[in-house]
Structures are given as C-alpha cells and as structure tokens.
Amino acid sequence: MLVFGLLGFLVGTFIWHRLFVKSGYLSQAAVQRLSTNRAPTERGERIRVGIGYVTYLLIFFGLGIPMLIFGDRTPLQLFATIGLNGLGVYIAIHAFLRYRKTRSR
C-alpha cells in the first residue's frame, strides 16, 4: 500500500505539472507562489476577506436583530443583543473602511 500511495502521489504530481504548468495555464508568478507555499493570489485574498465580512455580518445581525425584535427582554438577552449588534456595526464599519482604502489606491 505504501508503494501504491507513493506511486499515486508521483503520478498525480506529474499530471498536475503537465496540465497546469507545461500547458501555460498558470503564469510563472502563480507557479512560483504555489511552489513557495504562498498560493492565494491578491484577487483570491480579496474574495476570501469579503466572504468573511459577509459571514460575520450575517452571524451578528442574523442573531442580534431577531433577539431585539422577538426577545424576552431579560437582562442577559439585552446585553447579548447589544453585544451582537455592536459587533455587527463594528464589522460593517471595518469592512467599509477597508473597501474604501482599497478603492482609493
């Protein structure tokens, strides 16, 4: 099994090299980033950060706003609501400032 695993790894590496590097599908800069283990491109990193902001906003506002509208108004629930909505506002401001900074370059 060890020999078959090693053989499968080598065949996979060879096929990957033939399909993406030799064919010219990946640029030389992308190949260098991948070989030095710095794979995410600048565009991919922007997309990842954007998805993270949207996810955080959905979590914080998705829990905080319904708690504010439909909650029992206990002290613990009020503090949780304030905290969740406060974090949502903080993340929204942070995302807006980051977006504005990248647009002004």
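This is a predicted model, so every value here is computed, not measured. Side chains included, hydrogens not; waters and symmetry mates left out as well; all remaining heavy atoms used.
Both F70 and L84 are members of a single hydrophobic cluster when ILVMFWY side chains are connected at heavy-atom separations under 4.5 Å. Both F96 and F61 belong to a single network of hydrophobic side chains, linked directly or stepwise wherever heavy atoms of I, L, V, M, F, W or Y lie under 4.5 Å apart. Using a 4.5 Å cut-off between side-chain heavy atoms of Ile, Leu, Val, Met, Phe, Trp and Tyr, with links allowed through other members, M67 and I59 fall into the same hydrophobic cluster. Cluster annotation: V89 and L97 are assigned to the same hydrophobic cluster (Ile/Leu/Val/Met/Phe/Trp/Tyr, side-chain heavy-atom contacts under 4.5 Å, transitive).
A side-chain contact (heavy atoms from CB on, under 4.5 Å) with T81 is found for one member of L63, L68, I65, I69 and no other, namely L68.
Residues meeting the side-chain hydrogen bond (donor to acceptor under 3.5 Å, both in side chains) test with Y90, sequence neighbours left out: none.
With R98 contributing its side chain and I93 its backbone, the two residues share no donor-acceptor pair below 3.5 Å.
Nearest heavy-atom pair across R73 and Q77 is N-OE1, 3.2 Å.
Atom OH of Y53 is surrounded by more than 12 heavy atoms from other residues, nucleotides or ligands within 6.0 Å.
With rounding to the nearest 0.5 Å, the separation of CG in L87 from CZ in F60 is 4.5 Å. Distance CG/L7 to CG/L2: 11.0 Å, rounded to 0.5 Å. From L10, atom CG reaches atom CD1 of I15 across 11.0 Å, with rounding to the nearest 0.5 Å.
In the hydrophobic clustering, where aliphatic and aromatic side chains (Ile, Leu, Val, Met, Phe, Trp, Tyr) are joined below 4.5 Å either directly or transitively, L58 groups with V54.
Within the structure, the ring-ring contact (aromatic ring centres under 6.0 Å, His included) test picks out the following pairs touching residues 1-29 (sequence neighbours left out): W16-F20, F20-Y25.
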